[in-house]
Amino acid sequence: KRKYNTYLLEHKEVMCYVFAIMSNIFFSLETFSVKKVQGLSVMQISYFRCLCFFVPNYFIAKFSGEEMLPKGKLANRLLIIRGLLSLLAQFFYYKGYMILPLAEAAVLFFTNPVITTVIASCLLSEKFEVKDLAACISCITGIILIIKPPFIFGSSDNEGQDSWEIKFLGASFMLIAASSRSLASIIIRKVSKQVSGLLVTLHYGATSSLFAPALIVNSGSMGTLTLQNTSTCIFLGIMGFLGQLFMAKALALTKASKVSIMGYMQIVFAYLLDIFINDNIPDWLSVVGTVLICVTLFTSLNQNLTSKQS
């Protein structure tokens with residue numbers, strides 16, 4: 001273990017990128033597996049994912065001597081709210097991935113940094129500048145290019161009104177997921193000085209695992225478990241856990257800003273999986289919309305880094 005830790009410290013500039021890339025590969029495989037699950041509701045899939053988060057994190061926290069509950073009622077309440085928001089985000093995240101192509105869904109979900117800026121300016125009274133407004137307009141333009149509403153672009157012979165409505169529904173799911181993720185990120189920002197990252201992840205898994213079964217029963221959409229769909233759910237849960245684990249390792253070796261930039265590799269992996277495995281070639285409008293959103297996000301992130309350094 002000492003040799004391993006010494007090697008990590010000596011090569012941390014390289015290893016942080018290795019861990020970040022591996023993390024994004026695992027996250028991409030997780031979302032790719034969602035489309036392969038058949039016969040189960042989205043909430044059932046989410047429940048498997050929550051269990052795969054909670055069980056390993058519980059034993060890690062127990063053996064490392066981490067306190068299971070944070071000090072203070074406010075921190076506990078915020079963590080419960082954060083867990084519910086993350087469960088909501090995950091539900092709509094999976095719903096969107098089942099409807100949209102992988103690449104388009106990934107791009108829409110990664111608009112959450114811009115959404116976080118807007119929400120933070122409203123809830124935390126953070127300054128909303130002209131550059132933030134420009135980023136919002138740019139992202140909205142990219143979203144329009146991806147979903148291609150027929151009242152702007154017209155309807156093609158291959159795509160009717162039903163196809164547009166389904167695509168709009170999928171885009172709405174991904175934007176709701178991104179907004180819920182943004183709210184959860186703001187809560188993490190509020191409690192980050194009081195609790196560790198492991199405790200935040202543990203409470204997310206615990207809260208989601210407790211509430212998900214009740215939502216499954218109330219919704220009445222309980223599919224039959226088979227060996228195939230159960231193993232696929234367990235696989236995507238393990239991929240999500242490994243993605244989180246390697247992300248934590250990357251964050252331990254370098255600044256969060258570098259890891260955030262590497263997170264957008266999921267869009268690249270999503271395009272590769274879509275093209276080479278799903279045989280789904282995106283049209284040029286979707287590509288232009290993707291580039292526009294990615295350029296906006298990279299520019300916003302770079303501006304934030306520059307302002308922090310100054």
Side-chain angles (χ1 to χ4, degrees), residues 27 30-31 34 41-54 75-100 102 104-124 126 132 135-136 139-140 142-143 146-147 168-192 195 197 199-216 218-219 221 236-237 240-241 243-244 247 260 263-264 266-267 270 293 297 300:
F27 281 137
E30 174 201 351
T31 51
V34 173
S41 67
V42 174
M43 190 54 70
Q44 284 178 287
I45 301 172
S46 299
Y47 180 57
F48 271 98
R49 208 254 192 183
C50 295
L51 283 178
C52 289
F53 257 68
F54 172 67
N76 277 295
R77 289 171 183 170
L78 287 174
L79 285 176
I80 292 172
I81 294 171
R82 187 263 173 180
L84 291 174
L85 284 170
S86 295
L87 178 62
L88 181 69
Q90 189 172 285
F91 172 78
F92 284 107
Y93 179 72
Y94 285 167
K95 287 280 282 186
Y97 265 109
M98 285 189 166
I99 295 173
L100 294 173
L102 281 174
E104 293 180 2
V107 173
L108 292 172
F109 182 73
F110 272 96
T111 57
N112 72 81
V114 176
I115 296 173
T116 301
T117 303
V118 176
I119 295 175
S121 66
C122 297
L123 298 182
L124 303 179
E126 293 185 0
D132 298 320
C136 290
C139 276
I140 291 171
I143 291 168
I146 289 173
I147 63 176
F168 178 78
L169 185 64
S172 300
F173 286 154
M174 295 310 295
L175 292 175
I176 292 172
S179 301
S180 302
R181 172 79 173 270
S182 298
L183 285 168
S185 299
I186 291 172
I187 292 175
I188 292 173
R189 193 186 303 176
K190 293 280 287 185
V191 300
S192 59
V195 297
L199 196 59
V200 170
T201 308
L202 178 65
H203 272 256
Y204 154 64
T207 304
S208 302
S209 299
L210 287 172
F211 281 92
L215 294 174
I216 292 170
N218 288 331
S219 65
S221 57
L236 72 86
F241 171 72
Q244 192 71 36
M247 183 66 71
S260 298
Y264 294 106
Q266 287 185 51
I267 297 175
I293 291 174
L297 295 174
S300 299

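Residues: numbered from 1 along the sequence shown.
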Exercise for the section: Could you list the residues that satisfy side chain to side chain contact (heavy atoms under 4.5 Å, CB included) with I99, not counting sequence neighbours? Expected result: I166, L169, F173
Completion exercise
T207 meets the side chain to side chain contact (heavy atoms under 4.5 Å, CB included) criterion, sequence neighbours left out, with I80, L84, F211
Exercise for the section: For residues 104-120, pull every pair meeting salt bridge (Lys or Arg N to Asp or Glu O under 4.0 Å), keeping only residues two or more places apart or in separate chains. Expected result: E104-K167
Exercise for the section: Sequence neighbours left out, what passes side chain to side chain donor-acceptor pair (under 3.5 Å) with Q266? Give chain and number order. Expected result: N24
Completion exercise
ring pair (Phe, Tyr, Trp, His ring centres under 6.0 Å) filter on Y97, not counting sequence neighbours, yields Y93
Practice task
Measure the CG-SG distance between L210 and C50 for me, rounded to the nearest 0.5 Å.
Solution key: 10.0 Å
Problem - T111 versus C139, closest heavy-atom pair with distance - result: CG2-SG, 4.4 Å
Exercise for the section: Kindly indicate whether the side chain of I293, heavy atoms from C-beta on, has any atom under 4.5 Å from the side chain of I267. Expected result: no
Completion exercise
A106 and A270 have their tightest heavy-atom pair at CB-CB, 4.0 Å
Exercise for the section: State which residues pass ring pair (Phe, Tyr, Trp, His ring centres under 6.0 Å) with F54; sequence neighbours excluded, sorted by chain then number. Expected result: Y58
Practice task
Mind checking side chain to side chain contact (heavy atoms under 4.5 Å, CB included) for S46 and listing every partner two or more places apart, or none if nothing turns up?
Solution key: V42, M43, L87, Q90, Y94
Problem - Nearest-0.5 Å distance that lies between atom CZ in F53 and atom OG in S208 - result: 9.5 Å
Problem - Euclidean distance, F109 CZ relative to T31 OG1, rounded to 0.5 Å - result: 10.5 Å
Exercise for the section: Please examine the side chains of I146 and M174, heavy atoms only from C-beta on, and report whether any two atoms are closer than 4.5 Å. Expected result: no
Completion exercise
Residues at least two apart in sequence or cross-chain that pass ring pair (Phe, Tyr, Trp, His ring centres under 6.0 Å) with F27, listed by chain then number, are none
Handout entry: Contacts of type side chain to side chain donor-acceptor pair (under 3.5 Å), residue S209, not counting sequence neighbours
Key = none
Problem - Set of residues satisfying side chain to side chain contact (heavy atoms under 4.5 Å, CB included) with respect to I140, sequence neighbours excluded - result: I144
Handout entry: Contacts of R49 that satisfy salt bridge (Lys or Arg N to Asp or Glu O under 4.0 Å) - sequence neighbours left out
Key = E30
